[in-house]
Amino acid sequence: MLAVRQRAVKQSSCQQRGWLQPGVIMSKLLTNRDLAAIFTLIANLLEIKGEVVFKTLAYRKAAENLEQMGQEARALWSAGQLRELPGIGKALADKIDELLRTGRLRFLDELKQAVPVTLVELLQVPDVGPKKVRLFWQTAQVTTLAELEAAARGGRLAGLAGMGPKSEAKILAGLEALKRRPSKLLLGDALPLADELLAMLRALPGVAAAAAGGSVRRMRALVGDVDLLVAAEDAAPVLAAFTSYGGVAHVLAQGGTKASVEFHTGLRAQLWVHPPARFGTALQYATGSKDHNVRLREIARTKKLSLSEHALTRANGKELLCASEEEVYAALGLAFIAPELREDQGEVQAAQNGSLPLLLERAQLRADLHAHTNWSDGKDSVLELAQAAQARGIKILAITDHSRSLAIANGLSVERLRAQAAEVAAAQHKLGSSIKLLHGTELEINADGTLDYPDEVLAGLDIVVASLHMGLKQPRAEVTARLLGAINNPHVDMIGHPTGRRLPDREPADLDMEAVLSAAAATGTALEINANPARLDLDGSHVRRALALGAYVAINTDAHKAHDLDLMPYGVGTARRGWCEAAQVVNTWTEKELLKWLSH
DNA sequence: GCCGTTTTCGGCCCGACTGTTTTCAGTCG
């Protein structure tokens, strides 16, 4: 539902990586994200050039698949298996081959000669697409955002074909919006806003149901905007309440069935209103992803049906209404597909042949195995945090404060670690058997690869979560070796936030993930899905690959205060995006099973 | 560009909203 924003995001990652500069592309081994950024750039340039739309779609689809793949394209390339990837034919396989061999792509170099690469910046402006960019470029000599602004202010756009005074004003407004709008929004910010808006909408008279759609409902870590859907017979009053809600700065569009608004924060939301009898098709449509919806509509066509947000329609025009999403999928001969899976990554085929996973549910989690107290950089005492966990129904809580080298977080010396053990025991005594406390550490993997406590100290702890906080920018071989060293230490039970990424801006460490995931599977070391919305690390695609390789995962909040214990749903959503079932999640295990694994 | 129980050539989803238009193109999701 967010084509434009995703395009902008990928562009900025292109710019950071220097693909917009002429000359050699490569300064390090090209990752899937690099390849995806290059293909997205090519798609944008081809679109501006006026190439047939299906060719640009092929590049976009390939970029999307590369980004969502849990495995490095480089590995498949080495094995000569690139063509086995969906959406990669001969032409794209050859281009990936040239990129991985030489670090360059002649096709892209030539394309940049024909189309000024700065033009892709203009696509970020709302209501400016490839056709307008080409128009501005070829008839008004505009190639940059600054030139676009100058042309609009000088009144030189209104006279162009298909343009007028309103369009010109819209461009200026769009340029202003671009300056103040956050380019990427954390799920952790978007979901609470969605919930607030939904509560307001549900309280309106005539509203039968309200739900979030889009990437928020699919639990993507980064979203572009908030999509909402309401079931009501009369749309007008609902749309009016939405567009006049407090905090709304501009109404971007408003029609009979939908409206979109921008808040003072720059954040955008849109609302569709459909009759309750059509809520199923409407919610399915609004949830996306776009590619998933395209797949469904293709299936509908094979059944002589046309699928839209309004209904499934037969060739004779007769409508089949669906009040629930379940009815939509059933009508297409598919098992119900959970929103988190709707990314066109094989879920439709799995729904056809009955091989969808039995996804992990929030209620199956019993443990939170990574949390901090005021012994290091947390806010609450051991007892306070444990009581908060108990109140939330958590059966097992691991206290894992930082180890000694992380001085900035008041990491514990060996002496303080031993003293803390006594406090954990005292809290356990006070709380009784309704919650089990584990005493552990979040063990620093030092920049030189050593672990922060000696083995004999680690042997005395209930649980060891090893994490990277320093040296995240080391070269791939070095940083990967550090992580592998920790995974292979018999006292290390789990790797915390494995890639070290911080959303929206800090890049993950340049890890050989296939090696990391394989080693974790081989040693029975769990890989964390850190539930903090600024991490969500591992991400869904790596979770899926880790599970396929036979690794265990853990879902933890990394709480630094009691309130953080409520972040678990973000981790669950990320796990579900990775097609995760309960059995491989250590937090779902009974105390006996968990302790057996920890003592292994 | 990709892809094949309609096809190795000719397909490749469906609709709302806006602004410019007297019937449609562009953008967006």
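So that the names make sense, note that chain A is the first sequence line, chain B the second, and so on, each numbered from 1.
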From C-beta outward on [X], which listed nucleotide comes closest to its side chain: [options]?
X: Leu92(A); options: dG19(B), dG1(B), dG29(B); result: dG1(B)
X: Arg297(A); options: dG1(B), dG26(B), dC13(B); result: dC13(B)
X: His310(A); options: dG15(B), dG26(B), dG1(B); result: dG15(B)
X: Lys132(A); options: dG29(B), dT18(B), dG26(B); result: dG26(B)
X: Asp127(A); options: dA16(B), dC28(B), dC13(B); result: dC28(B)
X: Gln270(A); options: dG26(B), dA16(B), dG29(B); result: dG29(B)
X: Lys166(A); options: dT20(B), dG29(B), dA16(B); result: dT20(B)

Of Ala58(A) and Thr257(A), whose closest DNA chain B nucleotide lies nearer the 5' terminus?
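Between the two, 5'-proximity favours Ala58(A).
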
Nearest nucleotide by nearest heavy atom, which residue falls closer to the 5' end of DNA chain B, Tyr59(A) or Pro165(A)?
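Result of the comparison: Tyr59(A).
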
Give a yes or no answer on whether the side chain of Glu98(A) reaches the backbone of Arg106(A) with a donor-acceptor pair at less than 3.5 Å.
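Indeed, once roles are kept as given, a pair shorter than 3.5 Å links the two residues.
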
For [X] and [N], give me the distance from atom [atom1] to atom [atom2], rounded to whole Å.
X: Leu228(A); N: dG29(B); atom1: CG; atom2: P; value: 14 Å
X: Arg134(A); N: dT27(B); atom1: CZ; atom2: C1'; value: 14 Å
X: Trp272(A); N: dG15(B); atom1: CH2; atom2: P; value: 15 Å
X: Gln284(A); N: dG29(B); atom1: CD; atom2: P; value: 17 Å
X: Lys131(A); N: dG26(B); atom1: NZ; atom2: P; value: 4 Å
X: Glu319(A); N: dG15(B); atom1: CD; atom2: C1'; value: 13 Å
X: Asp225(A); N: dT27(B); atom1: CG; atom2: C1'; value: 14 Å
X: Met163(A); N: dT21(B); atom1: CE; atom2: C1'; value: 14 Å

Ignoring backbone atoms, test whether [X] places a side-chain nitrogen or oxygen under 4.0 Å from the OP1 or OP2 oxygen of [N].
X: Ser306(A); N: dC14(B); result: yes
X: Lys258(A); N: dA16(B); result: no
X: Thr302(A); N: dT5(B); result: no
X: Ser167(A); N: dT20(B); result: yes
X: Lys95(A); N: dG1(B); result: yes

To the nearest 0.5 Å, what is the distance between OG1 on Thr281(A) and NE2 on His274(A)?
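Reported value, rounded in 0.5 Å steps: 7.5 Å.
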
Using a heavy-atom cut-off of under 4.0 Å over every strand shown, decide if [X] touches base, sugar-phosphate, or nothing.
X: Phe107(A); answer: sugar-phosphate
X: Leu46(A); answer: nothing
X: Gln254(A); answer: sugar-phosphate

Side-chain donor-acceptor pair present, [X], [Y], cut-off under 3.5 Å:
X: Glu121(A); Y: Thr118(A); result: no
X: Asp291(A); Y: Ser289(A); result: no
X: Asn65(A); Y: Gln345(A); result: yes
X: Arg74(A); Y: Asn32(A); result: no

Between N or O atoms, less than 3.5 Å apart, protein on one side and nucleotides 9-12 of chain B on the other: list the pairs.
unit_1	atom_1	unit_2	atom_2	d
dC12(B)	OP1	Arg301(A)	NH2	3.1

What is the ring orientation for His292(A) with Tyr329(A), classed by angle as parallel under 30°, tilted 30 to 60°, or perpendicular over 60°?
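Because their plane-to-plane angle lies in the 30° to 60° range, the rings of His292(A) and Tyr329(A) count as tilted.
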
Please give the distance between the [atom1] atoms of [N] and [M] as a whole number of Å.
N: dT18(B); M: dC9(B); atom1: C1'; answer: 38 Å
N: dT22(B); M: dT5(B); atom1: C1'; answer: 47 Å
N: dT7(B); M: dC14(B); atom1: C1'; answer: 23 Å
N: dA25(B); M: dT20(B); atom1: C1'; answer: 9 Å
N: dG1(B); M: dT6(B); atom1: P; answer: 28 Å
N: dA16(B); M: dC12(B); atom1: C1'; answer: 22 Å
N: dT23(B); M: dG29(B); atom1: C1'; answer: 24 Å

Could you tell me which non-hydrogen atom of Leu160(A) sits nearest to which non-hydrogen atom of Ala140(A), and how far apart they are?
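In this case the closest contact between Leu160(A) and Ala140(A) is CD1-CB, 4.3 Å.
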
Would one find more than 12 heavy atoms of other residues, nucleotides or ligands at under 6.0 Å from atom CD of Glu326(A)?
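Yes, CD of Glu326(A) has more than 12 neighbouring heavy atoms, counting only those of other groups under 6.0 Å.
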
Is a donor-acceptor contact shorter than 3.5 angstrom present between the side chain of Tyr285(A) and the base of dG29(B)?
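Check passes, donor-acceptor contact within cut-off.
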
Could you check which nucleotide pairs with dG10(B) in any of the strands shown, counting Watson-Crick or G-U wobble with both distances under 3.5 Å?
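The base-pairing partner of dG10(B), which may sit in any strand shown, is dC3(B).
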
Run the side chain to side chain donor-acceptor pair (under 3.5 Å) test on Glu51(A) and Tyr59(A) for me, step by step, so that the C-alpha distance in whole Å, both residues' side-chain angles and the decisive distance to 0.1 Å come before the verdict.
CA-CA 12 Å; Glu51(A) 186 57 86; Tyr59(A) 279 97; over 6 Å; no

